[in-house]
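Here the structure is laid out as structure tokens; the discussion comes afterwards.
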Amino acid sequence: MSQDRRRWRSCLVLEGTDMTEEIRVRFAPSPTGYLHIGGARTAIYNWLFARQHGGKLILRIEDTDAERSTEEMIKGILDGLEWLGIDWDEGPYYQSQFIAEHQEAARQLLASGHAYKCFCSKEELEAKRELARTRKEDYRYDGTCRKLSPEEIAEREAAGQPYVIRMKVPEGDGAVTFTDAVYGEISKRYRDIEDFVIVRANGQPLYLLSNVVDDARDRISHVIRGQDGLGNTPKQILLYNALGKKLPVFAHMSLTLDPKRAKISKRTHGELVAVHFYREHGFLPWALVNFLVLLGWSNPDSKEIFTYEELLEAFSFDGMNRANSIFNVNKNDPKFITDPKAINMNAHYIRTMPLEELEPYVRAELEKAGLWRDEFAGERREWFLRTVDLIRARYHLLTDFATLGRPYFSDEVEIEIEAKARKKNLDKFPGLREWLPELADRLEKLAEFTPERVEAEMRAFAAEVEVKPGVIINGVRTLITGQLAGPGLFEIVETLGRDLVTARLRRPF
RNA sequence: GGUCCCAUCGUCUAGUGGCCUAGGAUAUCGCCCUCUCACGGCGAAGACACGGGUUCGAGUCCCGUUGGGACUACCA
């Protein structure tokens, strides 16, 4: 990578657009049923760029692949965006509604001599391609129909021969050259571009054409998309020029790969790469956004945790990395359901965000698990928030509140005891079978049930039965929470309250 | 195969020719804190793909090799 590329990157963004012109970007997913993290990342960058410049984000569904696009498929995408907090200003527009316009553009190209009708059949083409392959030559459409005389064309048309429309790529030594806002100057020689098809034999326009026509109509000023669009950009530029449309600024972003360096996809990774997977597994939307924005982008002072405002301030194409990045998921890892850094970021927000902002998320988890009680939002709200605050530092996912948090929010006595905890804190000291119920009686009689008094009582009790305080303390923790680990015991005791604590202490184990 | 793009710790990355004995984050390990586990604090280990140039000096510039990725459809 050359370093001078960096220098003009920031200027370039402004260069393509004078100040009187609106910044308009678009996110144009095909309706695959759900938003995957690669798409989400693209959407995020577009959204940030629009918001940063007071521009507009247009949502366009590229649904021309009819079989694949259903109402539900589209909804999956929209839900994902909405959950992430990405809002758009126009749309969703549907590419399929503009097919006539795409066809009209092709007619215009035909009329202006920028395109031509090609009567070669698929079979002929395949044969030529095969021949080239056996000869180890590289194949490009040979332009047979480009040389057809008007008479020959008329003749074939009269005979009802089907045809596709091909773009007439300029001949000679020239090249298409453009400056990408991330990748710098990209150049592709005409001779390396074949006369590509823009309209099928059945009259359906191809993506390359549709995309350009749509972007031009929607007055897109900056095309921010995955690097997989980089190779097609020269062809699209040819189309823009032939159509007499102004070029947008192109900004391609590196791709997101899996640990085997393959492009992440629904096929090979399934749910793991779906935004809704993260939603269902207890991610905070902003934590995901924050993580995703860092996948391929960074800022000079290495800041990693951003508020929305900070991100708007900091974001720039200057920080885009041109190298693809790896989304570090290891299926089968019992400890990490996804990239450890993503989880860490989620945990960071869980333990540091304002309690009132966390509250609705925890509530939703508890509701899902049947642990929610209305009083948590009413007379016990203060207790609820304090309890959330007490346990959140060791949770990584919102779902932890419903699983690991169960002993805290449920008033059932027979809380399940983890095997490891039972072994280490209960079984190891058989005396606890007598001591713990006895301790329950003593706690019952305590004048004041405060952390201080409970602690004093327990330590005194430990001294009486001649064991280290830890034996009693850990035994109590295990019996009243079922867990090996957790907050300080006396805080737990205070949160659970006397009745629950003594009840759980008296159960046999 | 052709074209284009890319290459710094396991992963995300800083790096704009001397501030680099290569910095941060995460993950891992250790110590401190402590009733446990986290959090927090401190520390350890861990990278410039390779080879040539250019230069007084190269992670940084150039060339090559290797490796990876994308594009290359009458898919989007």
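Lettering follows sequence order; numbering is per chain, from 1.
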Check every strand shown and say whether Arg477(A) touches a base, only sugar-phosphate, or nothing at a heavy-atom separation below 4.0 Å.
base
Any strand is fair game: report the nucleotide pairing with A22(B) by Watson-Crick or G-U wobble, both distances under 3.5 Å, or none.
none
Between Phe315(A) and Trp297(A), how do the two ring planes meet: parallel, tilted or perpendicular, split at 30° and 60°?
tilted
Answer yes or no: is there an ion pair linking Asp228(A) with Lys263(A), defined by an N-O contact shorter than 4.0 Å?
yes
Considering every strand shown, what is the Watson-Crick or G-U wobble mate of U60(B) when both distances are under 3.5 Å?
none
Base, sugar-phosphate, or nothing for Gly229(A), non-hydrogen atoms under 4.0 angstrom?
nothing
Quick one: Tyr139(A) OH to C71(B) C1', roughly how many Å, whole number?
17 Å
Can a donor-acceptor pair under 3.5 Å be found between the side-chain atoms of Lys341(A) and the base atoms of C12(B)?
yes
U65(B) pairs with, by Watson-Crick or G-U criteria that keep both distances under 3.5 Å
A49(B)
What does Lys303(A) touch in the nucleic acid at a heavy-atom separation under 4.0 angstrom: a base, only the sugar-phosphate, or nothing?
nothing
Do the side chains of Leu404(A) and Ile391(A) get nearer than 4.5 Å, heavy atoms only?
no
As a test of reading the structure: which of C12(B), C74(B), A70(B) is closest to the side chain of Leu294(A), going by heavy atoms?
C12(B)
Rounded to whole Å, how long is the line connecting atom CG of Leu230(A) with atom P of A70(B)?
13 Å
For a quick check of understanding: with a heavy-atom distance under 4.0 Å over all strands, which category does Phe336(A) fall into, base, sugar-phosphate or nothing?
sugar-phosphate
Determine which nucleotide pairs with C39(B), using a 3.5 Å limit on both distances of a Watson-Crick or G-U wobble pair.
none
Remember a base hit wins even if backbone is also touched, and classify Lys420(A) as base, sugar-phosphate or nothing at under 4.0 Å, heavy atoms.
nothing
Identify whether any heavy atom of Leu206(A) sits under 4.0 Å from a base atom; if not, whether one sits that close to sugar-phosphate; answer base, sugar-phosphate or nothing.
sugar-phosphate
Polar side-chain contact Arg394(A)-C37(B) base: donor and acceptor under 3.5 Å:
yes
Can you tell me how far the OG1 atom of Thr338(A) sits from the CG atom of Asn330(A), to the nearest 0.5 Å?
9.5 Å
Over all strands shown, is Arg133(A) touching base, sugar-phosphate only, or nothing at heavy-atom distances under 4.0 angstrom?
nothing
Using a heavy-atom cut-off of under 4.0 Å over every strand shown, decide if Glu137(A) touches base, sugar-phosphate, or nothing.
nothing
Regarding Asn232(A), tell me which of base, sugar-phosphate or nothing describes its non-hydrogen contacts under 4.0 Å with the strands shown.
base
Counting any heavy atom closer than 4.0 Å, what does Pro487(A) reach on the DNA or RNA strands: base, sugar-phosphate only, or nothing?
base
Complementary nucleotide of U34(B), counting Watson-Crick and G-U pairs under 3.5 Å:
none
Considering every strand and a 4.0 Å limit on heavy-atom distances, what is the contact class for Lys424(A): base, sugar-phosphate, or nothing?
nothing
Select from Pro300(A) and Phe490(A) the residue whose nearest nucleotide in RNA chain B is closer to the 5' end of that strand.
Pro300(A)
Within the 4.0 Å heavy-atom criterion, would you say Ser187(A) contacts the bases, only the backbone, or no part of the nucleic acid?
sugar-phosphate
May I ask which nucleotide in the shown strands pairs with G1(B), Watson-Crick or G-U wobble, both distances under 3.5 Å?
U72(B)
Give Arg459(A) one of three labels, base, sugar-phosphate or nothing, depending on what nucleic acid heavy atoms sit under 4.0 Å from its own.
sugar-phosphate
When you compare C9(B) with G46(B), how far apart are their C1' atoms, in angstrom units rounded to a whole number?
5 Å
Should the ring pair Phe409(A) and Phe401(A) be called parallel, tilted or perpendicular, given that the plane angle runs from 0 to 90° and is split at 30 and 60?
tilted
Let me know the distance between CE of Met458(A) and P of U34(B), rounded to the nearest Å.
20 Å
To the nearest Å, give me how far apart CZ (Arg351(A)) and C1' (C37(B)) are.
14 Å
Cationic N near anionic O, under 4.0 Å, Lys75(A) to Glu72(A):
no
Of Ala323(A) and Arg189(A), the one whose closest nucleotide on RNA chain B sits nearer the 5' end is Arg189(A)
Answer with base, sugar-phosphate or nothing: what part of the nucleic acid does Leu484(A) contact at a heavy-atom distance below 4.0 Å?
base
Could you tell me how far apart Phe291(A) (CZ) and A27(B) (P) are, to the nearest whole angstrom?
12 Å
What's the gap between C32(B) and A38(B) when it is taken at their C1' atoms, as a whole Å value?
15 Å
For A44(B), what is the paired nucleotide under Watson-Crick or G-U wobble rules, both distances under 3.5 Å?
U28(B)
Is the NZ or CZ atom of Arg166(A) both under 6.0 Å from the centre of the six-membered ring of Tyr141(A) and within 45° of that ring's axis?
yes
